[in-house]
Enquirer: 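There's a structure below that I have some questions on.
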Amino acid sequence: MDIDKITKTQLIRKLIEQHRKIKTLEEKSVEGTDHDELILEKNIHRFRSLLRTNSIGILTINNKGVITSCNDAILDFSGYKREDLVGKYFTKRVSISTKDIPRYMAIFNDILAGREAEPFQIAQNHNNGEIRFGEVYFGPILDGQAKTAGFKIIVKDITKQKELERQLKKSDEKTDVFMEASLDGIVLHDNGVIAKTNRSFLTLFNSGSKDLAGRDIMEFISDKDVEKLSDRIIKEDKGIYKICGIKSTESKVYLEASGRTITYNGKKMRMEIFHDITELKKAGKKIKYLKFHDSLTELYSRTYMEKILGNVYRERNLPLNFIICDLNGLKLVNDAFGYKEGDKLLKRVAKILKYCARKEDIVARWGGDEFFVMLPRSTPQEVEDVVYKIRNICTNTKDQKIPLNISIGIAARVNNSQDFREVIKEAEDNMYTNKLLERKSIYNSIIVSLERMLWEKSHETKEHAQRLKGLIVKLGKSINLPQSKLDELVLLSALHDIGKVAVPDKILLKKGKLNKDEWKIIKRHPEIGYNIAKATPQIAMVADDILAHHEWWDGSGYPQGLKGNEIPINSCITSIVDAYDVMVVGRPYREPIPVEDAKKELIKCTGTQFNPVLVDRFVNYC
């Protein structure tokens, strides 16, 4: 018999079968005869070394229930000495649970009746306090007349097997907990056949609540990466690798994966862990995109232009023309209306430049308010055509808060000996020259545009500005102001409330009383007007006067809380005349009052809101 080719269970069953065929064994009494024991020992000895090797214990009892013999494996399994067992009652000496005694008795009765007894597992209390587990088989001991004279109990020690099963179960439980707690998609599979997935895997591949057991893992991998995953599985590779997955919707999901072989449910399987890096991949593409593109306008960046100028366009595409454009008034828009409006203006210019450029031209954002157009293999006429289109569209764009105006400079590289940097600098110099020549008309058009906006969206009117101009100059002359100050007063009469262009219409035109938040917004208009004036060279000299025209003589005004002579004289004059005109002409929310009543109101506010000397001058001389 080839022992290596049979299992322990098969061996045990073979032993029982062979013992049943022994016809010469005789046991005539409870104690047994020497002849019987010799026969029994002879048969046991035949398999002794084999049984020891396989941790097989043998214990015999007679039909009275008394233990007649045992081997060393039983002693090792139970922790008893031989003299503790032999000659003692089986049910009293061996640690058998009371509830199991009927079971043993039923087995013995089956054997006596000639029926085969089914094996079962037991938990044995060892003398050292440990619990030993055994698999028990039963067989008869036959006498010389082939009658059952006792019973043979064969015990296979399965304690290590039970401990292994316990550890495996504990390991399985840990695996289950890990899988369900993980935010990554996890799948257990046997050579690609899915055994178990976690909820994150179902979510990752948009598989709902379906049970994917039995499916092929390759169904969830893109065709180009199937071989990569197969190779990892075959080689039992534990490294991290990247693959592309396919969702149930057929859309792609980019994954960072790793796998390892584990034991689950007593079987070796491979666990694949999939980490979703789709957003990370998108972010990487975005970073790569932003490296060479401007995030706001989506034009090419200066970095990109310098890179290709030094490589791609070094020796070809001549003549190579450059157009440098500068957006006028961006700072004013940012200061007056906020950076969101400034960003809109920049994006508007970017679209115009892309529209006007030829298909083969490259448009880039060169700096904050500067743009760059490169025209490879272009003639002077083609360049002029592009510039004409740009200027024409800007001139006819009427829906901007200020006129859309761009200063433009041009230069050409006609041979390889010319340095790119020198040619681009020439284009920039030409642009600045153009800007300087048009400076006055640019800012004049901006001022006119702002005035028109103020008249359109507020109660301020051109007539109001004209009335203020006359009264302000009259009051200024009455206190002998120099002509320079009188000129500033004329400018201030028209622009003191210019900051209101940035106040929302619903607040500026509200007929009822303003709430706290609305009033806070209104009170910002002197600061906005100050920023507009500072950003516009032609009116910068009255910026401080605009900022202070709502300050009160007693210090309770805004925005700085200036007091008395801290308030610029022009601001004091403007606040008096402006208040007077509002009273005598009226507003949609206020009825006009007679001139004398208006003057009395000014006198009443002397020393609190208004400069006393100036009020006295105005009442008596204007």
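This structure is a prediction, so every number in the text was calculated from the model and none was measured. Residues take their numbers from the sequence shown, with the count starting at 1.
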Enquirer: Side chains of Ser200 and Ile186, heavy atoms from C-beta outward: is any pair under 4.5 Å?
Expert: no
Enquirer: Answer whether the closest heavy-atom distance between the side chains of Val585 and Pro592 falls below 4.5 Å.
Expert: no
Enquirer: Going from OH on Tyr300 to CD1 on Ile308, what distance comes out if it is rounded to the nearest 0.5 angstrom?
Expert: 7.5 Å
Enquirer: Does any pair with a residue in residues 338-357 pass salt bridge (Lys or Arg N to Asp or Glu O under 4.0 Å), and if so which ones, sequence neighbours excluded?
Expert: Glu341-Lys344, Arg348-Asp399
Enquirer: Whether Arg413 engages the ring of Phe420 as a cation-pi pair (distance to the six-membered ring centre under 6.0 angstrom, angle to the ring normal within 45°) should be assessed.
Expert: yes
Enquirer: Could you please spell out the steps behind the side chain to side chain donor-acceptor pair (under 3.5 Å) verdict for His496 and Asp545?
Expert: CA-CA 8 Å; His496 62 282; Asp545 297 330; over 6 Å; no
Enquirer: Taking Cys325's backbone N and O only, do any of them form a donor-acceptor pair with Glu370's side chain (distance below 3.5 Å, no angle check)?
Expert: no
Enquirer: Going by the side-chain contact (heavy atoms from CB on, under 4.5 Å) test, name the single residue among Asn321, Leu375, Val383 that passes it with Asp361.
Expert: Leu375
Enquirer: Is a side-chain N or O of Asn392 found less than 3.5 angstrom from the main chain of Tyr388, in a donor-acceptor match?
Expert: no
Enquirer: Is the backbone of Lys228 close enough, under 3.5 Å, to the side chain of Asp225 for a donor and an acceptor to pair up by distance?
Expert: no
Enquirer: Any non-hydrogen side-chain atom of Ser222 less than 4.5 Å from a side-chain atom of Lys252?
Expert: no
Enquirer: Keeping Asp294 on the side-chain end and Thr297 on the backbone end, is there a donor-acceptor pair under 3.5 Å?
Expert: yes
Enquirer: Backbone N or O of Lys563 within a donor-acceptor pair of the Glu566 side chain at under 3.5 Å?
Expert: yes
Enquirer: Got more than 12 heavy atoms from elsewhere within 6.0 Å of NZ, Lys435?
Expert: yes
Enquirer: Within a 6.0 Å radius of atom CG on Asn415, are there more than 12 heavy atoms belonging to other residues, nucleotides or ligands?
Expert: yes
Enquirer: Where the side chain of Ser248 meets the backbone of Asn206, is there a donor-acceptor pair that is under 3.5 Å apart?
Expert: yes
Enquirer: Sort out for me which residue in Ile573, Val490, Asp578, Ile576 forms a side-chain contact (heavy atoms from CB on, under 4.5 Å) with Ile472.
Expert: Ile573
Enquirer: Surrounding NZ of Lys425 (heavy atoms of other residues, nucleotides or ligands, distance under 6.0 Å), is the total greater than 12?
Expert: no
Enquirer: Just jot down the ring-ring contact (aromatic ring centres under 6.0 Å, His included) partners of His275, sequence neighbours excluded, or say none.
Expert: none
Enquirer: Is there side-chain contact between Gln560 and Pro526, with heavy atoms separated by less than 4.5 Å?
Expert: no
Enquirer: Taking the side chain as C-beta and beyond, is there a heavy-atom pair between Leu475 and Val577 under 4.5 Å?
Expert: yes
Enquirer: If I take atom CG from residue Asp223 and atom CD1 from residue Ile246, how far apart are they, to the nearest 0.5 angstrom?
Expert: 7.5 Å
Enquirer: Under the ring-ring contact (aromatic ring centres under 6.0 Å, His included) rule, collect the residues that match up with Phe201, sequence neighbours excluded.
Expert: Phe205, Phe220
Enquirer: Atom CG in Asn531, atom NZ in Lys331: separation rounded to 0.5 Å?
Expert: 6.5 Å
Enquirer: Under 6.0 Å from the NZ atom of Lys247, do we count more than 12 heavy atoms belonging to anything else shown?
Expert: yes
Enquirer: Rounded to the nearest 0.5 Å, how far does CD of Glu601 lie from SG of Cys605?
Expert: 5.0 Å
Enquirer: Show, in sequence, the C-alpha distance, side-chain angles and deciding distance for Tyr254 and Leu280, and conclude whether the side chain to side chain contact (heavy atoms under 4.5 Å, CB included) test is met.
Expert: CA-CA 9 Å; Tyr254 295 95; Leu280 189 63; over 6 Å; no
Enquirer: Do Leu320 and Phe322 come close enough that some side-chain heavy atom pair is under 4.5 Å?
Expert: yes
Enquirer: What is the minimum heavy-atom distance between Val423 and Ala411, and which atoms define it?
Expert: O-CB, 3.3 Å
Enquirer: Return the CD to OG distance between Glu551 and Ser556, rounded to the nearest 0.5 Å.
Expert: 9.5 Å
Enquirer: Using the six-membered ring wherever Trp is involved, compare the ring planes of Tyr558 and His550 and label them parallel, tilted or perpendicular (cut-offs 30° and 60°).
Expert: parallel
Enquirer: So does Glu219 have more than 12 non-hydrogen atoms from other groups sitting under 6.0 Å from CD?
Expert: yes
Enquirer: Looking at residues at least two apart in the chain, or sitting in another chain, which of them share a side chain to side chain contact (heavy atoms under 4.5 Å, CB included) with Arg302?
Expert: Glu306, Trp366
Enquirer: Using every non-hydrogen atom in the two residues, find where Arg358 and Glu382 come nearest and quote the distance to one decimal.
Expert: NH1-OE1, 3.3 Å
Enquirer: Any side-chain heavy atom of Phe372 within less than 4.5 Å of one from Ile424?
Expert: yes
Enquirer: Please report the interatomic distance CD(Gln538) to CE(Met541), rounded to the nearest 0.5 Å.
Expert: 8.0 Å
Enquirer: Is the side chain of Arg232 donor-acceptor paired with the backbone N or O of Lys235 at a distance under 3.5 Å, no angle test?
Expert: no
Enquirer: For residues Gly342 and Leu330, report the shortest heavy-atom separation together with the two atoms involved.
Expert: O-CD1, 3.6 Å
Enquirer: Under the criterion side chain to side chain contact (heavy atoms under 4.5 Å, CB included), I'd like the reasoning laid out for His549 against Leu492: C-alpha separation, chi angles, the key distance, then a yes or no.
Expert: CA-CA 10 Å; His549 79 280; Leu492 195 59; 5.8 Å; no
Enquirer: Please check if the number of heavy atoms outside Leu183 that lie under 6.0 Å from its CG is greater than 12.
Expert: no
Enquirer: Name all residues meeting the salt bridge (charged side-chain N to carboxylate O under 4.0 Å, His left out) criterion together with Glu272; count only those two or more places apart in sequence or in a different chain, and write none if there are none.
Expert: Arg270
Enquirer: Testing the basics here: between Ser301 and Lys291, what is the closest heavy-atom pair and its distance to 0.1 Å?
Expert: OG-O, 3.5 Å
Enquirer: Do Asn434 and Asn430 have side-chain heavy atoms sitting under 4.5 Å apart?
Expert: no
Enquirer: Inspect the contact between Asp419 and Arg421 and indicate whether a charged nitrogen and a carboxylate oxygen are less than 4.0 angstrom apart.
Expert: yes
Enquirer: Can Asn570 and Val542 be said to form a side chain to side chain contact (heavy atoms under 4.5 Å, CB included), step by step?
Expert: CA-CA 9 Å; Asn570 283 357; Val542 296; 5.8 Å; no
Enquirer: At their closest point, which heavy atom of Leu255 faces which heavy atom of Asp276, and how far apart are they?
Expert: CD2-CA, 4.2 Å
Enquirer: Under a 3.5 Å distance rule, please check whether Gln418 uses its side chain to pair with a backbone N or O of Val414 as donor and acceptor.
Expert: yes
Enquirer: For Asp544, enumerate each residue passing the salt bridge (charged side-chain N to carboxylate O under 4.0 Å, His left out) test, keeping only those at least two apart in sequence or located in another chain.
Expert: none
Enquirer: Could you check Ile569 against Leu614 for side chain to side chain contact (heavy atoms under 4.5 Å, CB included), going step by step and ending with a plain yes or no?
Expert: CA-CA 9 Å; Ile569 188 72; Leu614 292 177; 3.8 Å; yes
Enquirer: Looking at every non-hydrogen atom in both residues, tell me the closest pair between Asp184 and Ser182 and how far apart they are.
Expert: N-OG, 3.0 Å
